[in-house]
Every structure is written in structure tokens, then in C-alpha cells.
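Here the structure comes first, spelled out in C-alpha cells, and everything after it is commentary.
In what follows, chains are A, B, ... by sequence order, proteins preceding strands, each numbered from 1. Just so you know, these numbers use all the heavy atoms, side chains as well, and skip hydrogens, waters and symmetry mates.
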Amino acid sequence: SQQGEEDPQALSIQEGENATMNCSYKTSINNLQWYRQNSGRGLVHLILIRSNEREKHSGRLRVTLDTSKKSSSLLITASRAADTASYFCATDARGSSNTGKLIFGQGTTLQVKP
Amino acid sequence: GAVVSQHPSRVICKSGTSVKIECRSLDFQATTMFWYRQFPKQSLMLMATSNEGSKATYEQGVEKDKFLINHASLTLSTLTVTSAHPEDSSFYICSAAGGGSNQPQHFGDGTRLSIL
């Protein structure tokens with residue numbers, strides 16, 4: 001079952017603006033990951049943040065994690081038309097059988113207008 | 001690095017046909033592979049987790065006799081949709097993980113399956 005919820009479901013911005021997407025989850029986690037999916041393609045891994053980390057940066061991406069609120073955010077700065085895609089958060093749940101199984105959120109569809 | 005190849009990318013076939021989808025890790029050994037199904041404008045739904053040399057672990061509600069998974073080597077897993085029907089039409093995506101904690105999954109490009 002899907003445990004993650006993301007908001008907004010859809011986001012439309014102008015090129016150059018920042019885009020923020022939020023993700024909430026329900027159980028304790030080992031880590032939280034963000035992925036990007038272009039239409040009709042597979043997923044591309046963007047960033048992984050461990051449960052003991054609070055913030056992580058990668059290029060124009062900034063991810064925060066608040067384990068007390070069970071939430072994460074993905075910020076894309078200075079967006080480009082090429083950033084248009086669906087973005088998913090996924091959690092690696094903590095448990096005795098650590099298979100690395102991921103539970104995906106519902107995703108945010110981002111449209112960046114040139 | 002960490003490239004996963006999935007074939008075929010698209011299949012169109014008649015009802016009753018069995019369809020095999022391959023997932024290969026090209027430049028790393030995949031201890032675990034995962035198979036997902038994705039409906040239009042929806043998220044990924046995990047179908048099963050596959051470990052090399054052992055039986056796949058299916059998620060609740062996924063028919064193991066319908067979706068046969070084989071993970072014969074550290075670089076290849078296959079999903080066979082047996083006697084496919086129109087309701088099996090979907091986008092199927094595989095991913096592979098190399099083992100170890102706190103590692104991302106690497107995804108194939110998906111297979112669009114259309115059953116007429």
C-alpha cells in the first residue's frame with residue numbers, strides 16, 4: 001500500500017521560479033528518496049536523505065527531512081523548462097526484514113513554462 | 001554507472017498471450033530487483049521483490065501465478081504476464097539495487113503493455 005502523500009498534486013510555474021514539493025509518510029524510516037519521472041519513462045534517482053540527516057543539497061535541489069513530523073520537502077531553485085516532470089518521494093521503511101523495499105508517494109506533477 | 005535496461009519497451013498483443021519482460025543490470029550486480037506497475041497519472045505500485053536464486057516475494061493482492069518472476073542471475077530478472085487480458089494493460093517498471101543499506105534503486109525505462 002502507498003503510505004506517502006505528496007502535495008501539491010500539480011504545480012505550474014514560470015521558468016526561473018522556485019518549485020517546492022512536500023511529502024508526508026507514516027512509519028519510521030531508514031531513509032527517504034526523491035525520484036523524477038518524465039512522461040512514459042522510468043524513474044531517475046535525484047537524492048537520498050538518511051533518517052539522521054535534516055537537509056541535503058545537490059545542485060539546484062534542496063531536500064529537507066523532519067522525522068518528528070514525518071515529512072520532507074524538495075525545493076528546485078531557478079527552475080527550467082526541462083524540469084517539467086513528475087516527482088515522487090519514496091521511503092525505505094525501517095524494519096527487521098530490510099529488503100530495501102520502497103513505498104512511493106502519489107507524486108507531484110510539475111510544469112515549468114518557458 | 002548503475003544502468004538498468006528493460007525490454008521490450010512496448011508490447012501490443014492479443015488477449016490470452018503470455019508476455020515476458022526482461023530487466024538487466026548492465027554495470028553492477030543486482031542483489032535485489034523490484035517490479036512495479038503504474039497506471040496512468042498514478043504512482044508506482046510494488047508488485048514483487050525478487051532476490052537472485054530465491055522465490056520472489058509478492059505484495060498483497062498480486063497473483064503470483066499470473067505474474068511469474070524469475071531472478072536467475074545477479075544481472076537478470078524476468079516478469080512473465082501469463083495469459084494476459086485487457087485489464088493487465090499497464091506500464092510495468094523494474095528496478096535494481098546493489099545491496100547494502102541506504103542505497104537508491106536504479107530503474108529501467110519501463111514496458112508499456114497493451115492487451116487487445
Point to revise | Main-chain N/O of A:Gly100 paired to B:Gln103 side chain as donor or acceptor, under 3.5 Å | key: no

Check your understanding: Nearest 0.5 Å, what's the CG-CG distance between A:Leu43 and B:Asp109?
Key -> 10.0 Å

Point to revise | Interface moiety of B:Gln42 toward chain A, non-hydrogen atoms closer than 4.5 Å | key: backbone

Review point. Under a 4.5 Å heavy-atom cut-off, does chain B meet the side chain of A:Gln37, its backbone, both or neither?
Key: side chain

Exercise for review: Provide the closest heavy-atom pair for B:Gln105 versus A:Gln33 in the form atom of the first, atom of the second, distance.
Suggested key: N-OE1, 4.0 Å

Check your understanding: Could you give the distance from CZ (B:Phe107) to CZ (A:Arg41), rounded to the nearest 0.5 Å?
Key -> 14.0 Å

Exercise for review: Check the hydrophobic clustering (I, L, V, M, F, W, Y; side-chain heavy atoms under 4.5 Å; chains of links allowed) and say if B:Trp35 and B:Phe91 are grouped together.
Suggested key: no

Practice item. Answer yes if B:Leu113 and B:Leu44 sit in the same cluster of Ile, Leu, Val, Met, Phe, Trp and Tyr residues linked by side chain heavy atoms under 4.5 Å apart, and no otherwise. Key: no

Point to revise | Straight-line distance of A:Arg50 CZ to B:Asn102 CG, nearest 0.5 Å | key: 4.5 Å

Review point. Short question: side chain of B:Ser43, backbone of A:Gly107 - any donor-acceptor pair under 3.5 Å?
Key: no

**Study point:** Residue A:Leu48 versus chain B: region with a heavy atom under 4.5 Å
**Key:** side chain

Check your understanding: Are B:Met45 and B:Tyr92 linked, directly or through other ILVMFWY residues, by side chains that come within less than 4.5 angstrom of each other?
Key -> no

Point to revise | Hphob cluster co-occupancy, B:Tyr58 + B:Met47, side-chain heavy atoms under 4.5 angstrom | key: yes

Exercise for review: Determine whether A:Tyr87 and A:Val63 fall in the same hydrophobic cluster, where Ile, Leu, Val, Met, Phe, Trp and Tyr are linked whenever their side-chain heavy atoms lie under 4.5 Å apart.
Suggested key: yes

Practice item. Kindly indicate whether the side chain of A:Leu102, heavy atoms from C-beta on, has any atom under 4.5 Å from the side chain of B:Leu46. Key: no

**Study point:** Under the side-chain hydrogen bond (donor to acceptor under 3.5 Å, both in side chains) test, residues paired with B:Ser90 that sit two or more places apart
**Key:** B:Arg37

Study note, to complete from the structure: Among B:Gln38, B:Arg112, B:Gln60, the residue with the most heavy-atom pairs under 4.5 Å to chain A is B:Gln38

